Amino acid sequence: MTLGFAEIALPVPMRGHFDYLLPEGMVPCIGARVLVPFGRRKLVGIVMRCKSASDMPTDKLRAVETLLDEEAVLSQLFLDWLNWASQYYQHPLGDILFTALPVNLRKGLTQDALQKAWQLTDKGQQCDPQDLKRAAKQQALLIALKPGPQLHQTLSEHYSAAIFRALEEKDLIEAANLAVAAKLDWPEHISLAEQPRPNLEQSLAISAIAHQNETFRCFLLEGVTGSGKTEVYLQAIEPLLRQGKQVLILVPEIGLTPQTVRRFQLRFGLDVGILHSGLTDNERMQVWRQARSGELGIVIGTRSAIFTPMKSPGMIIVDEEHDGSYKQQDGWRYHARDMAVVRARLENIPLLLGSATPSLESLNNALTGKYQHLLLRQRAGQAKPVQHKLLDLKGQQLEFGLTRGMRQRIQAHLQQGNQVMLFINRRGYAPALICHQCGFVEECHSCDRSYTLHRSLNKLQCHHCSDAKPIPHACAQCGASPMQPVGMGTEQLEQGIASLFPGYQAARIDSDSARGKQKLHQLLEDINQGKHQLLIGTQILAKGHHFPNVSLVVILDVDGALFSADYRAAEKLAQLITQVAGRAGRAHIQGELWLQTHHPSHPLLQDLLNNGYQHFARLALKERRFAALPPFSYQALFRAESNHAAQAHDFLLQVRQLLSPGPEMAAIGPIPALMEKRQGRYRMQLLLQSQQRTGIQQQLNRLMGQIEKLPLANKVRWSLDMDPQDFT
DNA sequence: AGCACGCCGACT
DNA sequence: GTCGGCGTGCTC
């Protein structure tokens, strides 16, 4: 029986595979890439299966043009894993397969590691070395190359560039590319740097992991900031590395700092593969290849690093597992943490999730015993816990968002030579510009949201699309002037702070001031050098950077999150507060965290402050259970957007009508998205919610084909978001 | 997603 | 007269 047909997955947004004829003698392996004709173009595809017959009439089939790989680029395990993902996320397999590959491989480039080498030309082969006896070096090189090509890197130790050039000009040698064998001897070269003695809790965690590091097991390492989670990672992976097993570490986008990488490098004296958005395609390809061939013991990367193959996987670690950057927010909306769980199960290796503020999903899994729960409650190095306090804003006179008492407190901390961090979740100068005469607000016509005033750019900027315009001198509606800023952003606070605390230097850290990686690092460096005493910033301040000289942290306004339409807002606020608090203080400075609010008696704030995140999260879980919200139910969100609001609405209505109603699955919508209009398009949502995952899954399996065939399906831009995190 | 085909408006 | 706008349809 000959296998003359192949199922090929292609990078097109269509579900189902494509059958092709295999030319005589072409025997591709599963997971290899091929070049196929598709319509009027040529595409790179992945061989999913070879078979002896096709459902398609043979005369409709076209033939595979080229086999691009001898060896599969996706292992059977990866194919199984990504097939699962295609089912779970209801996303076309081809698209998933290609997102999981480095760009070079998507483009059909070779997967081989080729290094520059030299070989003899035909003329060189025939040339008698005696002819070169007047040029000893050239003669030696010619003789060295007689047995076969050699790497340039090796040769260049003995021969200078002039020698190569001379022989090349005589047409005796030519450049070549040579595949190199992987160097797998790194486990023998581990040189362990001196490591701190773990405290009791760390020891317990390390040994718990060590006892089950041979098979699949999920651990949730819940450790307060500064409790030494990284030390647990380091000591937990050591025995695995010594056995030659590799470790993949995921970190949030902002958390991948040179310091993090250096810590792993220095501890084991090994090369660490790094994957982040700043790399070139070739650099990514290199890490991918080295990880797959087993040359790298440790790979650290952001979200998409979860697709790094490993020859001998030993463990996957997801640091700050609650972080929102693990969820892809367009195209295939996968969650890297969830993908990690399934991968670890298939690879049969342990998965270690770490966080000071675990997501309610992971916490629930830990509390129900699905994950093993490891707790670190002590801050390592005797750092005192930060005191949390509430400040009632009601009836208070504010100057730049600060009460008189708070201004005095800030002054006191500055006078003691400490740093103060002010946290405000709005960048720019002011979130709106309003006419004092008629109340007119400048709004972006694409998004129906007020423009943010940026004094430093001298512009009005829409934070929801890229639109910007000059600051108007007068009201566009009634002509009165000038327009007035309302509300406060980081820019205004920075300016105000300078006038309130003359003599102290303020640093503003937000995505405007920290544009470009170098800039952020420079700012952080300056801060820890003490060049600035007042730190003003947004979310960025809360992530990954430690400020030991900060003794006072003020979150200017927490009320927005307390009354949000997004049920996750409270959880996110609690995570933010806890993370910010963890950035401050050290052994002999008592850190203080102040939350300014109009609702000091709000139960969420009270619980968080009196009992900490751990308690808050457990309470929040109870509320979620009561309200049948995730993780006690499962959600899928259809999003649709269109230039015509009615089309997006009608499409989702038709989707809803296709669903069979039942008690096991609720459908909410179509309703406008939290941001109803964005970049000129109207956005609607349809939320599916079920107590059982299978409830949603089965219906979607049945319906996605029909949904795609709806006439409106090609008129509106729509997508499905499994386990949505964000309802904007 | 691309890419072509196709049918209506303002320009050399 | 054409260049080009993007609606529609198809790709094993």
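So that the names make sense, note that chain A is the first sequence line, chain B the second, and so on, each numbered from 1. Being a predicted model, the structure only gives us computed values, none of them experimental.
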Assign A:Phe38 to base, sugar-phosphate, or nothing according to its heavy-atom contacts below 4.0 angstrom with the strands shown.
base
Name the nucleic acid region contacted by A:Pro37, choosing base, sugar-phosphate or nothing; use a 4.0 angstrom heavy-atom cut-off, strictly under.
sugar-phosphate
Output the distance between atom OH (A:Tyr682) and atom CD (A:Glu676), rounded to the nearest 0.5 Å.
8.0 Å
With sequence neighbours left out, which residue pairs that include part of residues 16-30 of chain A fulfil the salt bridge (Lys or Arg N to Asp or Glu O under 4.0 Å) condition?
A:Asp19-A:Lys51
Please report, rounded to the nearest Å, how far the [atom2] atom of [N] is from the [atom1] atom of [X].
| X | N | atom1 | atom2 | answer |
| --- | --- | --- | --- | --- |
| A:His644 | C:dC6 | NE2 | P | 13 Å |
| A:Asp55 | C:dC12 | CG | P | 16 Å |
| A:Glu7 | C:dT11 | CD | P | 18 Å |
| A:Met14 | B:dC3 | CE | P | 13 Å |
| A:Lys715 | C:dG7 | NZ | C1' | 8 Å |
| A:Lys60 | C:dT11 | NZ | C1' | 10 Å |
| A:Phe18 | B:dG2 | CZ | P | 13 Å |
| A:Arg15 | B:dA1 | CZ | P | 13 Å |

Please determine if a side-chain N or O atom of A:Arg40 lies less than 4.0 Å away from the OP1 or OP2 oxygen of B:dC3.
no
Would you say C:dC12 has OP1 or OP2 under 4.0 Å from some side-chain N or O of A:Arg62?
yes
Is any side-chain N or O of A:Arg41 under 3.5 Å from a base N or O of B:dA1, one able to act as donor and the other as acceptor?
yes
Please determine whether a side-chain nitrogen of the Lys or Arg among A:Glu361 and A:Arg568 lies less than 4.0 Å from a carboxylate oxygen of the Asp or Glu.
yes
Compare the minimum distances between each of C:dT8, C:dC12, C:dT11 and the side chain of A:Met56, then state the nucleotide with the smallest one.
C:dC12
For the rings on A:Trp332 and A:Phe307, is their centre-to-centre separation under 6.0 Å?
yes
Hey, can you tell me if A:Phe38 and A:Phe18 have their rings parallel, tilted or perpendicular (30° and 60° cut-offs)?
perpendicular
